[in-house]
Amino acid sequence: MLSLISLSCGARLSVSRQKLQVQNHLNRLNKPAVKTIQSPDGDIIDCVHLARQPAFDHPFLKDHKIQMTPSYHPEGLFDENKVSDTEKPKKGSNPITQLWHMNGKCPEGTIPIRRTKEEDVLRASSVKSYGRKKHRATPQPRSADPDLINESGHQHAIAYVEGGKYYGAKATINVWEPKIQQPNEFSLSQLWILGGSFGEDLNSIEAGWQVSPDLYGDNNTRLFTYWTSDAYQATGCYNLLCSGFIQINSEIAMGASISPVSAYRNSQYDISILVWKDPKEGHWWMQFGNDYVLGYWPSFLFSYLADSASMIEWGGEVVNSEPDGHHTSTQMGSGRFPEEGFGKSSYFRNIQVVDDSNNLKAPKGLGTFTEQSNCYDVQTGSNGDWGHYFYYGGPGKNPNCP
């Protein structure tokens, strides 16, 4: 009897200890808001003063002077806007925006931060792992080692360049809402800016859209960023869920839902993402669409990327947890294979890299990689309007991908 009582006391203690840990973490992440906006999808958006954002919890950023604009944009950034519209595939008539905009906007001098709720943290395997990718989540194109492929459970369909020095990357990414089979799986479409080796010291900056029930508690398509300087081990996180990225924009919230999304044989929507290294200050900046410079990752966060990137990747990634011993039916992109083409398959278009003269250029020697092309595939092409582009994705589980 005594041992039962002490057991239940111990259990209660560990529950209350966990609650305290979660509460402390929430207090660290959720900063005092100047204004709060309730989003139609259930998110709460806090408008937080620029200087009180999570980045400034970092000891190295205590006296950091916020840079409100990049010293330079890449050359050639606005050229593609001069392309004639006659041959462009029909876009949806509405520009892409974020759902929370329907209910208000943040005042100048603040940034919108998606509030982290207790249930968000509790869905993670631990407080420490909340907001982080699992180790080994980057596609390694040359590795045909099947053990490595299955070990991480991540699958990819990507295009990539390597072998040069890269100072940024750009793409316009078709936005969909892929179906996720298991809550612990995700589907995303992004660009990767990589430096170092694929061992313990990988530096990565990532941006795109994702559906991740584990991270967000729903199946909405959301804008996201990620960074790490040690191969996803101890550094980095999604969005603003740790100190690192410094946001300057009052209109776009990291991790917030994107709306509208593309529909099969119907209106197509896409988002443009540009990440580049400011040649003067050395920080890595991010721009969303033509109008929104979101902020920057200070160069001191990185080792290799403090200089330049050695590889750029664009494409899709899913987690395949092999439920019931079969391949997952989690979709990548639109859930359709590349050969179905526009309006059905998902695409990346106008993919470019930034060279050492801060010029946007077409990628040279574009390679492709996928672990199992019967599950998810990728096909590249190029033309006058879309520059270098590719279709990618697939349904996962199907007769050829059991």
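If you're wondering where the values come from, they're calculated on a predicted model, not measured in any experiment. Just so you know, these numbers use all the heavy atoms, side chains as well, and skip hydrogens, waters and symmetry mates.
- We find the CD1-NZ distance between Ile351 and Lys170 to be 11.5 Å, quoted to the nearest 0.5 Å.
- In Lys397, the NZ atom is not crowded: 12 or fewer heavy atoms of neighbouring residues, nucleotides or ligands sit closer than 6.0 Å.
- You'll find the side chain of Tyr72 reaches within 4.5 Å of the side chain of Asp278, heavy atoms only.
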### Message
Please evaluate residues Thr235 and Asp230 with respect to the criterion side-chain hydrogen bond (donor to acceptor under 3.5 Å, both in side chains), reporting the C-alpha separation (whole Å), side-chain torsions for both, the decisive distance (0.1 Å), and the verdict.
### Response
CA-CA 6 Å; Thr235 61; Asp230 63 355; 2.7 Å; yes

Would you sort out whether Ser272 and Thr172 count as a side-chain hydrogen bond (donor to acceptor under 3.5 Å, both in side chains), showing the intermediate values? CA-CA 4 Å; Ser272 288; Thr172 297; 2.7 Å; yes

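- Checking Phe302, Phe245, Trp284, Tyr226 one by one against Trp297, the ring-ring contact (aromatic ring centres under 6.0 Å, His included) holds for a single residue, Phe245.
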- Item | Test log, rule side chain to side chain contact (heavy atoms under 4.5 Å, CB included), inputs Leu305 and Lys277 | CA-CA 9 Å; Leu305 288 180; Lys277 195 174 200 303; over 6 Å; no

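- Ring-plane geometry between Phe348 and Phe390 is classed as parallel, the angle between the planes falling under 30 degrees on a 0 to 90 degree scale with a further cut at 60.
- Within the model, atoms CZ of Arg132 and OG of Ser126 stand 9.0 Å from one another, a figure rounded to the nearest 0.5 Å.
- In this structure, His73 has its ring center no closer than 6.0 Å to that of Trp285.
- Side-chain N or O atoms of Tyr296 include one that pairs as donor or acceptor with a backbone N or O of Gln67 at under 3.5 Å.
- In this structure, His49 has its ring center no closer than 6.0 Å to that of Phe56.
- Only one option out of Asp46, Asp120, Asp41 pairs with Arg114 in a salt bridge (Lys or Arg N to Asp or Glu O under 4.0 Å); it is Asp120.
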Candidate pair Glu206 and Leu188, rule side chain to side chain contact (heavy atoms under 4.5 Å, CB included), full reasoning = CA-CA 11 Å; Glu206 307 169 26; Leu188 56 75; 5.9 Å; no

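- Classification of the Tyr389-Tyr391 ring pair by plane angle, with boundaries at 30° and 60°, yields perpendicular.
- Shown here for Cys106 and Ser250, the closest heavy-atom pair between the two residues is CB-O, 3.5 Å.
- Using bins of under 30°, 30° to 60° and over 60° for the plane-to-plane angle, the ring pair Trp386/Tyr347 lands in the tilted bin.
- Atom CG of Leu50 and atom CG of Asn249 lie 9.5 Å apart (nearest 0.5 Å).
- Ile193 is listed as a side-chain neighbour of Ile312, based on a closest heavy-atom distance under 4.5 Å.
- Here the shortest heavy-atom pairing between Asn398 and Cys375 reads ND2-CA, 4.4 Å.
- Between Ile180 and Glu185 the shortest heavy-atom distance is CG2-O, 3.5 Å.
- With a 6.0 Å radius and a threshold of 12 heavy atoms from other residues, nucleotides or ligands, Glu108 has its CD atom at or below the threshold.
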task: Kindly determine whether Thr328 and Ser321 satisfy side chain to side chain contact (heavy atoms under 4.5 Å, CB included), including the steps that lead there.
output: CA-CA 7 Å; Thr328 182; Ser321 63; 5.5 Å; no

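- In this structure, a donor-acceptor pair under 3.5 Å is absent between the side chains of Gln190 and Gln210.
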Residues Asp355, Lys364; criterion salt bridge (charged side-chain N to carboxylate O under 4.0 Å, His left out); working and verdict: CA-CA 11 Å; Asp355 69 9; Lys364 277 199 175 66; over 6 Å; no

With side-chain hydrogen bond (donor to acceptor under 3.5 Å, both in side chains) as the criterion, how do Ser187 and Thr330 come out once you've worked through the C-alpha distance, each side chain's angles and the decisive distance to 0.1 Å? CA-CA 7 Å; Ser187 181; Thr330 285; over 6 Å; no

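- Counted within 6.0 Å of OH on Tyr264, heavy atoms from surrounding residues, nucleotides or ligands total more than 12; the atom is thus considered enclosed.
- Around atom NZ of Lys105, no more than 12 heavy atoms belonging to other residues, nucleotides or ligands sit under 6.0 Å away.
- Leu194 is not listed as a side-chain neighbour of Tyr160, based on a closest heavy-atom distance of 4.5 Å or more.
- Summarising the geometry of Ser310 relative to Tyr166, their closest heavy-atom pair is O-CE1, 3.5 Å, with the distance given to 0.1 Å.
- In the displayed structure, Lys35 atom NZ is contacted under 6.0 Å by more than 12 heavy atoms of other residues, nucleotides or ligands.
- You'll find the side chain of Gln21 stays beyond 4.5 Å of the side chain of Val121, heavy atoms only.
- Side chains of Leu99 and Asp43 form no contact here, defined as non-hydrogen atoms less than 4.5 Å apart.
- Smallest separation of non-hydrogen atoms from Ala55 and Ser243: O-CB, 3.6 Å.
- The pair Arg349-Asp270 meets the salt-bridge criterion, since a charged nitrogen lies less than 4.0 angstrom from a carboxylate oxygen.
- At most 12 heavy atoms of other shown residues, nucleotides or ligands fall within 6.0 angstrom of atom CZ in Arg52.
- In this structure a side-chain-to-backbone donor-acceptor pair under 3.5 Å is present from Ser262 to Val175.
- Note that CG of Leu241 and OG1 of Thr116 are 5.0 Å apart. Values are rounded to the nearest 0.5 Å.
- Checked by atom type and distance alone, the side chain of Asn239 pairs as donor or acceptor with a backbone atom of Thr225 at under 3.5 Å.
- In this pair, His154 and Phe186 present their aromatic rings perpendicular. The plane angle is above 60°, beyond the 30 to 60° band.
- Ala231 approaches Gly199 most closely through the heavy-atom pair CB-O, 3.1 Å.
- With rounding to the nearest 0.5 Å, the separation of CD1 in Ile45 from OG1 in Thr110 is 11.5 Å.
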task: Evaluate side-chain hydrogen bond (donor to acceptor under 3.5 Å, both in side chains) for Gln155 paired with His327, printing each intermediate quantity in order.
output: CA-CA 11 Å; Gln155 289 199 282; His327 195 287; 2.3 Å; yes

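- Side-chain contact, Ser189 with Tyr392: a donor N or O sits under 3.5 Å from an acceptor N or O.
- Within the 4.5 Å cutoff, side-chain heavy atoms of Pro298 are placed close to those of Ile246.
- Expressed to the nearest 0.5 Å, how far CD1 of Ile113 lies from CG of Leu29 amounts to 9.0 Å.
- Here the two rings, on His64 and Phe300, have centers that are 6.0 Å apart or farther.
- A donor and an acceptor atom, one from each side chain of Ser373 and Thr370, are nowhere located under 3.5 Å apart.
- Checked against the 6.0 Å centroid threshold, Phe224 and Tyr238 count as a close aromatic pair.
- Considering only heavy atoms from C-beta on, Val22 stays 4.5 Å or farther from Glu119 through its side chain.
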Pair Cys237, Trp227 - check side chain to side chain contact (heavy atoms under 4.5 Å, CB included), show working. CA-CA 6 Å; Cys237 60; Trp227 70 275; 4.1 Å; yes

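- Looking at Val378 and Ile158, their side chains never come closer than 4.5 Å, going by heavy atoms from C-beta outward.
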